[in-house]
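Since the structure is predicted, the reported quantities are computational estimates derived from the model, not experimental observations. Chain naming here is simple, since letters A, B, ... match the order of the sequence lines and numbering starts at 1 in each.
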Amino acid sequence: MSELKFERLRALVAGEGVAVRVRQRLQPAGGPGDKVFPPTYSTGDNKLRYVIEDRRVNGQTVPTVLLDSVASQANRMEEALLAAWEREELAFPVIGVDFGGDAALADLGKVTTLQAPHRIADAILRDATAADGTTLFRDSAAGKAYTEASPRNATAVYRYCPTALVFGVWDSTGPKGGLGAKFARALTSEIVGIGAQPGTKVGSRLDPLAIQANVEIYHRADDESDWTLDEAEAKKDRGKPVLFNRKGGEGKGKPSAVNHSNIAPTVDTLAGGVTFDHAEQVVVLSLPALRRLKFATGYDGKALAKRAEAEAAAHTALAALALAAVVHQRQQGYDLRSRCLLVPDQGLELEVVLADGKTERYELAPAAVNRLVQEAAAAAGALGLGWEREPVQLKPAAKLVALVKKSRAEAAAGGAAD
Amino acid sequence: MIGLELELLGGRYVATAYNDREQGEWPPHPARLFSALVDTWASDEPGSLHGEEERMALVWLERQAPPELCAAGKDEVAWRTVAPVFVPVNDTEVVRSPDGVRAKLAEAEEQASAGEGTEKERAKAAKELDKLRKKLGAETAKAVAAPTRVSASDLQAAARIFPEQRGKQARFFPSVTPADPRVTFLWAGEPEPTLVAALERLASRLTRLGHSASLVAARVVREAPAPRYRPDPDGEHLLRAVAPGQLERLGRAHALHQGVEPRVLPCIFVPYREGDADAAAPVPASSLGDDWIVLARAEGPRLPSTSAVGVATQLRRALFAAAKTPLPETLTGHNDDGGATKVEHLAIVPLPDVGGRYSHGGILGVALVPPRGLGDADRRELLRAVAALERVRGATARSLEVGPPIELLLGEAGVLTLERVAWGEHGSVGLRPRTWCRPWHDWATVTPIALDRNPGDLHDPDADKRARAFDDATEQVAKAVARLGLPRPLELEVSRSCLVAGTAKPRAFPRFPISRERPQRVLVHARLVFGERVRGPIVLGAGRYLGLGLCRPLDPDRPARGPTREPARGPEGGPARGPAAGPAREPHERARRTGGAK
């Protein structure tokens, strides 16, 4: 299996290829057959359950459970890209809202388009200003260009936030309202567990202090949110002390209401983990979806000299970026959630689907994909479609800063009162 | 023969059923594929030479009969649990966007850059521009400044703008995983080479079918495996397909919704049968046809279903008055001597809104139901009569989907305006012929049946007499079913109360016939359960040509309200029923459960 080189990628994206697909086999980190915990979804009657389907494979029914959804995988890929960008392994435009300007909010760091739920169209960017603090993002050059973008002229999005073209974005709450630019995703990924068998989960608590359940606790007379064992200090109702009870809690008057003593085991069969034969991550990068993007103007705002070539080069750069997302996410690992750590069973294999239905196979290491991205971006830049060299720096509006500070102050004060 | 083969690249098809947001769709509907192709054409260069060829290919496609499908059968498909996914919203706002000033500024900038007008005008425009820019700056400064007074909602908005605390909205993404990820749509026609090339280009650019997570790879094929789904009037699957004119309709609809507003895909509903080439035994059909002429209520009073006979009578009078030449007996119901005809003839059936949770029971429109197998000449007479009726008022149709308005004078009730459904299916489910005609085994009346003879007193305080009256009524209904050419039902229950949500009790209906010179007929509701699927429409009893005795197939997912049972012969006997229900229930239980994610 050879490495996917830039020339081949360019030819595939230009028209020979239809899709790049990855089918990665995964096993639990604890070894095949170990129990993992898929994501839970609400059923409507206050229970949590897994998302399953009974697939038919060779005449057999194979129960399959969803381990990570398309949206969740997209978030993880963006995180992986962000990490690679911060390590300076990859260079591409990322817009960030920097909360570090104010010492009190430095812990919030930077919220980037790779972390914001709606990417470049997100509310947190909409409510941010340029570094001078007086121009809103959407009134700046970058923001205005983005507002006017559309699939027929995607240059602004390509220039300022190319990842949005890979993962999809819809500017539904911007200045144009629902008519804002809508770009469908080109990359999907999903992880499922094949041959899933449900397990049981048990939860209980053994009190290290061995506090008995029959001890009675009461509300304090001077502070109702606190408790006491002493009847003299307890709040009284008609001469009798009032048993302690947290709103919505169980066990009135018992130590378990204040998180002491033992809790009897609960048995959960609906969301008690699963075991499976193997897990599979299926990634699909659609090349026609990238080829759909048109660039009426170039980086400089004027019509492109060699438009078809420039567009093909831009598509290639986006494909390279998408592949980088896949490769770096694999590198980052599959620690999906608590008690759900998966590891790949085999090396990464890119399956390229050609127009006539045939397939080709390639491998791609992280260092190689970084080079691909660099080469492709440079090639597109040379033809007039480049990525923004200076990262767009935004800072939060003074109003937001003040409000966050105020709510933190209130929370601290409220805590002290407790 | 030409086909379009789609490979579901991720192995899944993510698409919502057209009538249930929490259900997936399988097999993929041809209308959806057509829309995807139209989108592919329109987002490239529709005006170019290639684009024009692609447009002609689309027009060719819409003119073809609905395609056959090679796709996994319903039992080879995995329906994923449909769970709500909570998606972060984007309309939280801490800083108020100065959208108004922005819009004005954008407009002013555009005008200024056009550089028209005299020097004085240009200077004025530049000053205006300056003023607007300053205003934007001022409004922005006000919006971003730290507030002097802070309300609880401000604090909440500030907290919720951060990704971890963003508000969420539940959405559903139903997904279906077929055993074979390939789906092929097959059309019998042979397009010319330029159109084939155009279709190949469209296929190569097609990215998805259904949700954006449902990525596909498409190509044109000239041969395919045996199709699994075929159009068949007796079919159990209802798929949305396209008819000539679809491309134009999609274009006009797009101008209105811009890809943003909620909208319904214009389509025709085509029944498909799943399975092998040898057709199943044909389904017994009633002697009334399903090629209706539907007149939808456009304006005027929303009349309750109890007004059915009145509305039908008025429409009949108006229709026959407008027709210039005498009409044949298949339409009038009178033979040459003026007596009642023996052959099946036109029924005028008002259609009420019933059967759903929010049904209001009012009349949605009126259907002209011709007898099954009506000759072409007679059908032309009917259409001519309708056209003449449409010309009476002399108004023009307000859109291509409907005919010119017809006004029915209903005396004190007012004037009811009807419009003929001229293309495709009406938006209301109750005005679609399929709703009343589809092959099904479990039916109930929505307007009561007028019995030919008096069965006895159904309200007799004596239990025995009452039971005999019910038995007689049951027999009469069974005979009425036979007169319609249908097999005898396995179960037949006669009731004095309602069986379907939104209907009215028989007692609420005015006397039938209206004329006091003729004896009043007894009205009853009934529930019919056949041993096999039968094709409608089912309209029973003496009032069937005026809309009484109209039956509706009962939706298996929304069972009918149980009738109040009449105790027949004391505690030992069972309730008064028709022929005993046999074990034949089971096949239908299975038939009902086919293809649903539950």
Trainee: Given the options A:Thr134, A:Ile52, A:Val282, which has more heavy-atom pairs under 4.5 Å with chain B than any of the others?
Mentor: A:Ile52
Trainee: Need one label for B:Arg205: side chain, backbone, both or neither, based on atoms under 4.5 Å from any heavy atom in chain A.
Mentor: backbone
Trainee: Please look at A:Phe99 and chain B and tell me whether the side chain, the backbone, both or neither of the residue comes under 4.5 angstrom of a heavy atom of that chain.
Mentor: side chain
Trainee: Where does A:Val18 contact chain B at under 4.5 Å (heavy atoms): side chain, backbone, both or neither?
Mentor: side chain
Trainee: Is it the case that the side chain of B:Asn90 and the backbone of A:Ala123 share a donor-acceptor pair, with hydrogens and angles ignored and the cut-off at 3.5 Å?
Mentor: yes
Trainee: With the threshold set at 4.0 Å, does a side-chain nitrogen-carboxylate oxygen contact exist between B:Arg80 and A:Glu190?
Mentor: yes
Trainee: Sort A:Leu287 into side chain, backbone, both or neither according to what part of it lies under 4.5 angstrom from a heavy atom of chain B.
Mentor: neither
Trainee: So if I take each residue of residues 396-404 of chain A and look for any heavy atom under 4.5 Å from a heavy atom in chain B, which residues do I end up with?
Mentor: A:Ala397, A:Ala398, A:Lys399, A:Leu400, A:Ala402, A:Leu403, A:Val404
Trainee: Would you mind telling me which of B:Ala158, B:Ala179, B:Ser212 has the largest number of heavy-atom pairs within less than 4.5 Å of chain A?
Mentor: B:Ser212
Trainee: Find the distance between CG (B:Asp154) and OG (A:Ser407) and round it off to the nearest 0.5 Å.
Mentor: 11.0 Å
Trainee: Would you say B:Ser97 and A:Arg138 are linked by a side-chain donor-acceptor pair, where the criterion is simply a distance under 3.5 Å?
Mentor: no
Trainee: Is any side-chain N of the basic residue among A:Arg21 and B:Glu7 closer than 4.0 Å to the acidic one's carboxylate O?
Mentor: yes
Trainee: What distance do A:Leu187 atom CG and B:Leu215 atom CG have between them, rounded to the nearest 0.5 Å?
Mentor: 8.5 Å
Trainee: Under a 4.5 Å heavy-atom cutoff, which of B:Val216, B:Asp99, B:Val94 has the most pairs with chain A?
Mentor: B:Val94
Trainee: Should the pair A:Lys294-B:Asp44 be classified as a salt bridge under the 4.0 Å nitrogen-to-oxygen rule?
Mentor: yes
Trainee: Between B:Ala145, B:Ala141, B:Ser43, who has the most heavy-atom pairs with chain A when the cutoff is under 4.5 Å?
Mentor: B:Ser43
Trainee: Heavy atoms, side chains only, cut-off 4.5 Å: are B:Phe173 and A:Val70 in contact?
Mentor: no
Trainee: When heavy-atom pairs shorter than 4.5 Å are enumerated against chain A, which of B:Glu76, B:Gln258, B:Arg166, B:Arg208 gives the highest number?
Mentor: B:Arg166
Trainee: At a heavy-atom separation under 4.5 Å, does A:Pro175 approach chain B through its side chain, its backbone, both, or neither?
Mentor: both
Trainee: Quick check on A:Val65 against chain B: is it the side chain, the backbone, both or neither that has a heavy atom closer than 4.5 Å?
Mentor: neither
Trainee: Please rank A:Asp54, A:Val111, A:Asp122 by heavy-atom pairs under 4.5 Å with chain B and give me the top one.
Mentor: A:Asp122
Trainee: Out of A:His118, A:Arg56, A:Lys406, A:Gln115, which one racks up the most heavy-atom pairs below 4.5 Å with chain B?
Mentor: A:His118
Trainee: Is there a side-chain contact between A:Asp139 and B:Thr140 (heavy atoms, below 4.5 Å)?
Mentor: yes
Trainee: Taking side chain as everything from C-beta outward and backbone as N, CA, C, O, which of these in A:Ala186 sits under 4.5 Å from a heavy atom of chain B? Side chain, backbone, both or neither.
Mentor: backbone
Trainee: Is A:Ala289 in contact with chain B via its backbone, its side chain, both, or neither, using a 4.5 Å heavy-atom distance?
Mentor: both
Trainee: Checking heavy atoms, do the side chain of A:Ser42, its backbone, both or neither come under 4.5 Å from chain B?
Mentor: both
Trainee: For the CZ atom of A:Arg49 and the OG1 atom of B:Thr81, what is their distance to the nearest 0.5 Å?
Mentor: 5.0 Å
Trainee: Are there over 12 heavy-atom neighbours, none belonging to B:Arg201, within less than 6.0 Å of that residue's CZ?
Mentor: yes
Trainee: With a 4.5 angstrom heavy-atom cut-off, which part of A:Lys144 approaches chain B: side chain, backbone, both or neither?
Mentor: side chain
Trainee: Flag the pair A:Thr188 / B:His211 as yes when at least one side-chain heavy-atom distance between them is below 4.5 Å, and no otherwise.
Mentor: no
Trainee: Who wins among B:Arg12, B:Arg96, B:Gln156 for the most heavy-atom pairs under 4.5 Å with chain A?
Mentor: B:Arg12
Trainee: Checking A:Asp356 against chain B: side chain, backbone, both or neither under 4.5 Å from a heavy atom?
Mentor: backbone
Trainee: Non-hydrogen atoms of chain B under 4.5 Å away: do they reach the side chain of A:Arg152, the backbone, both or neither?
Mentor: side chain
Trainee: Salt bridge check, A:Arg292 against B:Asp39: does any charged N sit closer than 4.0 Å to a carboxylate O?
Mentor: yes
